[in-house]
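The first residue in the sequence is number 1, and the count goes up from there.
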Amino acid sequence: MTDLVPYFEAKKQAMIDRLSDFVKLESPSHDKVATDKFGAYLKQQFEAYGATVAVHPRDSVGDILLATWNSNASGKPLLIVSHMDTVWALGTIDGEVPLKLEDGRL
């Protein structure tokens, strides 16, 4: 376990930068265009890391992405489920709820 601490400490700024990029893309829950824009960004990022990405279109809310790595590998698969919406209305980050790093919290 302790071997992981230095690894993640070294990656801390990169993780903050990536999460900041995600938040800045703003993807309100009921804004299909904005959520799909974020989905297209994630698709590009996943593919850059070697994933095969399938897009499952939806009519009124953001499309679903299924990113797969090493699909033919032996052993048990690992499933990670997440959501792509940032909930807040477009523009919130520029006013009411700005993105900030304070007291070690982003």
So does His83 have more than 12 non-hydrogen atoms from other groups sitting under 6.0 Å from NE2? no
With a 3.5 Å distance limit and no angle check, can you tell me whether [X] reaches the backbone of [Y] through a side-chain donor-acceptor pair?
X     : Y     : value
Ser27 : Ala34 : no
Thr35 : Asp31 : yes
Glu26 : Thr92 : yes

State which residue, out of Lys37, Lys32, Arg58, Lys43, fulfils the salt bridge (Lys or Arg N to Asp or Glu O under 4.0 Å) condition with Asp63. Lys32
For Trp69 and Phe46, I'd like to know if the aromatic rings sit close, meaning centre-to-centre distance below 6.0 Å. yes
Is there a path of hydrophobic side-chain contacts, each under 4.5 Å between heavy atoms of I, L, V, M, F, W or Y residues, that connects [X] with [Y]?
X     : Y      : value
Trp88 : Leu101 : no
Val33 : Tyr41  : no
Leu25 : Leu106 : yes
Ile16 : Phe8   : no

Heavy-atom pair of closest approach, residues Gly39 and Met84: CA-SD, 3.8 Å
Between atom CG of Asp17 and atom CE of Met15, what is the distance when rounded to the nearest 0.5 Å? 10.5 Å
Within this structure, what is the CG-NZ distance for the pair Leu19 and Lys24, rounded to the nearest 0.5 Å? 10.5 Å
A side-chain contact here means heavy atoms from C-beta on lying under 4.5 Å apart; do [X] and [Y] qualify?
X     : Y     : value
Val55 : Ile64 : no
Ile93 : Val23 : yes
Phe22 : Leu42 : yes
Thr52 : Ser71 : no
Asp85 : Phe38 : no

Where do Arg18 and Gln45 land on the side-chain contact (heavy atoms from CB on, under 4.5 Å) test, with the steps shown first? CA-CA 11 Å; Arg18 179 61 52 92; Gln45 296 298 306; 3.4 Å; yes
Which is it for Leu99 and Ser20 under the side-chain contact (heavy atoms from CB on, under 4.5 Å) test, yes or no, and what are the steps along the way? CA-CA 7 Å; Leu99 177 66; Ser20 295; 3.7 Å; yes
